[in-house]
Amino acid sequence: MGESAKLVAGGNKELDLPILTGTVGPDVIDIRKLYAQTGMFTFDPGFTSTAACESALTYIDGDEGVLLHRGYPIGQLAEHSSFMEVSYLLLNNELPSKTELSDFSRTISRHTMLHEQLMSFYGGFRRDAHPMAIMCGVVGALSAFYHDSSDIADPQHRKISSHRLIAKMPTIAAAAYKYSVGQPFVYPDNSLSYTGNFLRMTFGVPAEPYEVNPIVERAMDRIFILHADHEQNASTSTVRLAGSSGANPFACIAAGIACLWGPAHGGANEAALNMLKEIGTPDKIPHYIARAKDKNDPFRLMGFGHRVYKNYDPRATVMQKTVREVFDSLKVSDPLFETALRLEELALSDPYFIEKKLFPNVDFYSGIILSAIGFPTTMFTALFALARTVGWVAQWNEMISDPNQKIGRPRQLYTGPTERDYLPLGKR
Ligand code: ACO
């Protein structure tokens with residue numbers, strides 16, 4: 001037997017709990033037999049110390065600001081790779097060869113269209129519906145269209161569903177945008193790249209040809225890479241939990257989208273941009289920093305802090321650089337970027353943020369660049385969902401293929417009333 005941890009609990013019972021070691025990162029104490037042996041559970045709301053699964057996809061060292069996909073640093077992937085290549089990597093463990101990449105890209109592009117019947121779902125939404133509300137509904141509705149690949153125990157079925165989800169997400173997100181601005185849906189053009197196609201479906205109109213700007217295409221592709229996967233975050237854990245019951249992948253991804261929508265998670269880039277707009281000019285920054293530090297004020301610096309990163313989020317580094325590149329090449333500027341840079345500088349020299357290890361996260365700069373590309377703030381989280389879909393399906397596949405997979409069923413510390421007798425209405 002390897003190393004173990006000793007625990008004395010449940011009437012002085014001494015337990016040897018096995019310690020499991022991964023390839024890198026903290027060891028974990030295996031408590032699977034704890035309840036059977038002591039009659040006790042562990043208590044860890046928010047899962048701050050609990051590993052809920054084994055995974056070989058993504059590794060994060062939050063203290064060092066490291067993010068690896070299948071071992072490759074995010075900075076290198078963002079610099080040299082493409083979203084299609086990273087998607088292949090996440091799904092298949094290894095980087096693709098040239099032929100594997102072109103086959104994979106072709107397969108994905110062949111699945112970009114939506115069933116015409118699905119398009120009629122859009123008309124049921126109000127024009128001012130949030131794109132995330134539409135995404136939850138339409139992605140969930142995909143479940144009703146693909147009965148041919150619904151056997152989740154069949155790896156081939158899972159593969160087809162995964163390809164469909166990755167391929168259709170840009171079409172679904174672009175259509176949500178088109179619906180909100182009252183323009184006709186633009187159908188996919190499979191001669192374009194994954195990202196170029198998405199830009200055309202979003203910003204193109206049937207009345208005139210649409211030229212994909214290669215600088216914007218590259219920046220957008222990089223944003224997709226930066227959001228592709230992020231280990232066991234809230235939405236990914238939601239997908240895993242939903243999938244653990246054997247639910248179909250479209251329903252599971254719809255659940256992930258719902259979780260991502262929250263302002264503490266995917267909604268933060270929208271919130272960060274709104275905050276920067278509210279701050280407006282650099283002279284107002286000290287006032288907002290003071291508010292963020294005030295215990296009696298619920299205001300937080302949006303785009304700052306992270307559950308895992310207690311150092312600079314490596315994705316924020318790439319994002320900041322990308323904003324600069326896009327602004328330089330498009331010869332545009334945005335005073336909000338200057339405000340953001342100054343806010344970062346002031347916050348990072350403030351003892352409150354230093355002591356609590358609060359650094360900019362990926363969302364701090366992403367809103368600025370998405371806004372420069374032309375997306376309204378309401379689309380930001382939808383773009384995040386589009387990119388994260390590959391991570392969700394890769395994690396879902398990994399979970400289903402795990403022979404130890406069980407339905408996810410957390411326990412609780414019950415604090416409600418003990419058993420009592422029902423009193424008829426007249427006696428209460
Ligand atoms: N501004 C001011 N203070 C903050 C901030 C912030 N953005 N974030 C955390 N703090 C403070 C908290 O008040 C708390 O202080 P205390 O110890 O005195 O009570 C301390 O730092 C720790 O914060 P927690 O909320 O306990 O940390 P947790 O790990 O649970 O939260 C979270 C992480 C939710 C991301 C938080 O930092 C936050 O709300 N940030 C703003 C929202 C945001 O940017 N979310 C995006 C996350 S990244 C993503 O989803 C892709």
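All values below come from the heavy atoms of this structure, side chains included, with hydrogens, waters and symmetry mates left out. Indexing begins at 1, ligand by ligand and atom by atom, following the structure's order. All of these numbers come straight from a predicted model, not from anything done at the bench.
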Item to complete: Can you sort out the partners of Y146 under ring pair (Phe, Tyr, Trp, His ring centres under 6.0 Å), two or more places apart, ordered by chain and number?
Response: F250

Worksheet item: Is atom 22 (C) of ligand 1 less than 4.0 angstrom from at least one protein heavy atom?
Response: no

Item to complete: Say whether F364 and ligand 1 are in contact under the criterion: heavy-atom distance to a ligand atom below 4.0 Å.
Response: no

Worksheet item: Does the distance from a Lys or Arg side-chain N to an Asp or Glu carboxylate O, for E278 and K284, drop under 4.0 Å?
Response: no

Discussion item. Show the nearest heavy-atom pair for residues A347 and L301, with the distance to one decimal.
Written reply: CB-CD1, 4.2 Å

Worksheet item: What atoms in ligand 1 come closer than 4.0 Å to a heavy atom of A292?
Response: 2 (C)

Discussion item. I want to know if ligand 1 touches R315 in the polar sense, i.e. an N/O pair below 3.5 angstrom.
Written reply: no

Worksheet entry | Nearest protein heavy atom under 4.0 Å from atom 27 (O) of ligand 1, yes or no | no

Item to complete: Considering the heavy atoms of K356, write down every atom of ligand 1 situated less than 4.0 Å from one of them.
Response: 11 (C), 15 (O), 16 (P), 17 (O), 18 (O), 20 (C), 21 (O)

Worksheet item: Between V362 and M319, which heavy-atom pair has the shortest distance, and what is it?
Response: CG2-CE, 3.8 Å

Worksheet item: Which residue owns the protein heavy atom closest to atom 40 (N) of ligand 1, what's the atom, and how far is it?
Response: F304 O, 2.9 Å

Worksheet item: Cation over ring, R291 on F299, under 6.0 Å and within 45°?
Response: yes

Practice prompt. Give a yes/no verdict on whether any heavy atom in F299 is under 4.0 Å from an atom of ligand 1.
Written response: no

Worksheet entry | Sidechain-backbone polar pair: N197 side chain, Y194 backbone, donor-acceptor under 3.5 Å | no

Worksheet entry | Salt-bridge contact E325-R222 (side-chain N to carboxylate O under 4.0 Å) | yes

Practice prompt. Please report which non-hydrogen protein atom sits nearest to atom 47 (C) of ligand 1, along with the residue it belongs to and the distance in Å to one decimal place.
Written response: A264 O, 3.6 Å

Item to complete: Work out which heavy atom in A382 is nearest to a heavy atom in M135; give both atom names and the distance.
Response: O-CE, 3.8 Å

Item to complete: Please state whether K295 comes within less than 4.0 angstrom of ligand 1, counting heavy atoms only.
Response: yes

Worksheet, complete the sentence: closest protein heavy atom to atom 39 (O) of ligand 1 is R300 NH1, 2.8 Å

Discussion item. Starting from atom 30 (O) of ligand 1, what is the nearest protein heavy atom, named by residue and atom, and what distance separates them?
Written reply: R307 NH2, 2.9 Å

Item to complete: Could you tell me whether K356 sits above the aromatic face of Y352, with NZ or CZ closer than 6.0 angstrom to the six-membered ring centre and within 45 degrees of the axis?
Response: yes

Worksheet entry | Carboxylate-amine/guanidinium proximity below 4.0 Å for K321 and E79 | yes

Response to the item:
among protein heavy atoms, the one nearest atom 44 (O) of ligand 1 is G303 N, 2.8 Å

Discussion item. Under 4.0 Å between a side-chain nitrogen and a carboxylate oxygen: does that hold for D63 and K357?
Written reply: no

Worksheet item: For ligand 1, which atoms sit closer than 4.0 Å to a heavy atom of F384?
Response: 51 (C)

Item to complete: Note the single closest protein heavy atom to atom 11 (C) of ligand 1, along with its residue, its atom name and the distance in Å.
Response: Y352 OH, 3.5 Å

Worksheet entry | Identity and distance of the protein heavy atom lying nearest atom 7 (N) of ligand 1 | L301 O, 2.7 Å

Response to the item:
Quick note on ligand 1: atoms under 4.0 Å from a heavy atom of A268 include exactly 43 (C), 44 (O), 45 (N), 46 (C)

Item to complete: Check each heavy atom of D363 against ligand 1 and say whether those closer than 4.0 Å belong to the side chain, the backbone, both or neither.
Response: side chain

Worksheet item: For the side chain of R70 and the backbone of E94, is there at least one donor-acceptor N/O pair under 3.5 Å apart?
Response: no

Discussion item. Before we go on, tell me: are the rings of Y177 and F198 under 6.0 Å apart, centre to centre?
Written reply: no

Discussion item. Evaluate M302 for polar contact with ligand 1, using N/O atom pairs at a separation under 3.5 Å.
Written reply: no

Worksheet, complete the sentence: for atom 48 (S) of ligand 1, nearest protein heavy atom and its distance come out as H306 CD2, 3.4 Å

Fill in: Side chain, backbone, both or neither: the part of L358 lying under 4.0 Å from ligand 1 by heavy atom
side chain

